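Bear in mind that the values here come from a model prediction, so they are computed numbers and not experimental data.
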Amino acid sequence: MKADIMKKFLLALVFAPTIALAAGAAVHLDKAPDVQGDKAALQNGARVFVNYCMNCHGLSFVRYNRLTEFGLSEQQVIENLMFTADKIGDPMRVAARAAEQKQWFGAAPPDLTLVARARASADGSGADWLYTYLRSFYRDEKRPNGWNNTLFPNVAMPHALWELQGELVLDAETHALKLATPGQLSVAEYDKEIADLVGFLVWAGEPGAGFRKNLGIGVLVFLFVLLGVSYALKKNYWKDVEKN
């Protein structure tokens with residue numbers, strides 16, 4: 001009896017991941033442009049984040065002085081981006097307290113330092129999810145804040161960037177989003193703005209990613225050269241051994 005129970009338990013453990021994957025419907029995510037090597041794009045992404053997102057969301061694991069890593073001077077950071085701290089070495093936290101935010105919104109908005117990494121899934125990268133999400137808001141008068149999202153239905157977050165994008169509506173028949181009221185930017189310009197913002201959030205999740213990747217390439221090149229030298233040394237050594 002115990003053996004049968006144990007066998008069923010082991011089978012459940014084996015097939016549980018397969019069942020979970022089958023139960024989750026695939027989600028279409030648009031591919032986010034990779035702007036990690038583009039300093040101007042990261043600078044613009046930081047500007048968009050500070051001006052439109054940082055009223056509610058912080059990057060508490062990123063310090064302001066790290067923004068100099070993609071070409072900004074400390075003076076530029078202090079004058080244009082640092083509004084919630086007194087020192088350049090302070091973390092990028094929101095000015096409001098978590099208790100206050102919970103009272104205002106019902107729940108404190110999450111810190112976004114690791115959001116690009118946390119949203120990665122089998123459907124796509126975290127950057128793809130964010131890029132799709134920030135372009136999928138539409139007007140919904142049934143929602144308390146007047147907004148909804150096709151990727152994240154009934155999300156509590158309002159569309160903070162609606163003035164830039166304009167107002168989209170959801171077609172009842174095709175379930176496609178249509179632009180009802182144009183915003184300050186064209187569709188292409190808004191997509192570029194979101195790509196820069198997402199790129200900045202990807203950078204914030206691991207500011208040292210560029211150095212890590214370059215170091216990895218350097219190590220592989222070194223090992224390849226070492227392999228060639230070792231092989232040449234081996235041939236030269238065994239040449240004398242074989243003669244004897």
Note to self: So, taking the atom named CD in Glu193 and the one named CD in Gln184, what distance separates them when rounded to the nearest 0.5 Å?
What the structure shows: 10.0 Å
Next item on the list: Grab the two heavy atoms, one from Pro91 and one from Arg63, that are nearest each other, plus how far apart they are.
Entry: CD-NH1, 3.6 Å
Item checked: Polar contact flag, side-chain donor to acceptor under 3.5 angstrom, Asp30-His28 -> yes
Checklist line | side-chain contact (heavy atoms from CB on, under 4.5 Å) between Leu42 and Asp38, intermediate numbers included | finding: CA-CA 6 Å; Leu42 294 178; Asp38 188 340; 5.9 Å; no
Next item on the list: Decide yes or no for Tyr133 and Val115: does some side-chain heavy atom of the first lie under 4.5 Å from some side-chain heavy atom of the second?
Entry: no
Item checked: Asp111 (side chain) donor-acceptor with Ser60 (main chain) under 3.5 angstrom -> yes
Margin query: Which residues pass the ring-ring contact (aromatic ring centres under 6.0 Å, His included) test with His159, not counting sequence neighbours?
Written below: Phe137, Trp147
Item checked: Minimal non-hydrogen separation, Met82 against Ile88, with atom names -> SD-CA, 3.7 Å
Next item on the list: Taking Gln165 for its side chain and Leu185 for its backbone only, find out whether a donor-acceptor pair lies under 3.5 Å.
Entry: no
Checklist line | Side chain Asn148, main chain Asn154, donor-acceptor under 3.5 Å | finding: yes
Notebook entry, point to check: Of all heavy-atom pairs between His57 and Phe49, which one has the smallest distance, and what is that distance?
Noted result: O-CZ, 3.5 Å
Note to self: Quick check: is Leu161 connected to Leu170 through a chain of hydrophobic side chains (ILVMFWY, heavy atoms under 4.5 Å apart)?
What the structure shows: no
Notebook entry, point to check: Between the main-chain N or O of Phe70 and the side-chain N or O of Gln43, is there a donor-acceptor pair closer than 3.5 Å?
Noted result: yes
Margin query: I'd like to know if Tyr138 and Tyr131 are part of one continuous hydrophobic network [Ile/Leu/Val/Met/Phe/Trp/Tyr, side-chain heavy atoms within less than 4.5 Å].
Written below: no
Checklist line | Student check: side-chain heavy atoms of Cys53 and Leu201 closer than 4.5 Å | finding: no
Notebook entry, point to check: Is Asn145 reaching over with its side chain to a backbone N or O of Ala156, donor-acceptor style, under 3.5 angstrom?
Noted result: yes
Checklist line | Distance (rounded to the nearest 0.5 Å) between Tyr190 OH and Leu164 CG | finding: 7.0 Å
Notebook entry, point to check: Minimum heavy-atom separation for Thr181 to Leu179, with atom names?
Noted result: O-CD1, 3.5 Å
Check: Where is the tightest heavy-atom contact between Leu29 and Ser125, given as atom of each residue plus distance?
Finding: CD1-O, 4.4 Å
Note to self: Does Trp203 form a side-chain contact (heavy atoms from CB on, under 4.5 Å) with Val62? I'd like the steps, not just the answer.
What the structure shows: CA-CA 10 Å; Trp203 173 88; Val62 178; 4.0 Å; yes
Next item on the list: Of all the heavy-atom pairs spanning Arg135 and Asp191, show the shortest one and how long it is.
Entry: NE-OD1, 3.0 Å
Item checked: Contact check, side chains of Thr132 and Phe152, non-hydrogen atoms, under 4.5 Å -> no
Checklist line | Val94/Thr84 under side-chain contact (heavy atoms from CB on, under 4.5 Å): CA gap, chis, key distance, verdict | finding: CA-CA 6 Å; Val94 294; Thr84 63; 5.8 Å; no
Check: Would Met92 and Leu81 count as a side-chain contact (heavy atoms from CB on, under 4.5 Å) if you check the C-alpha gap in whole Å, the side-chain angles of each, and the deciding distance to 0.1 Å?
Finding: CA-CA 10 Å; Met92 297 180 67; Leu81 299 175; over 6 Å; no
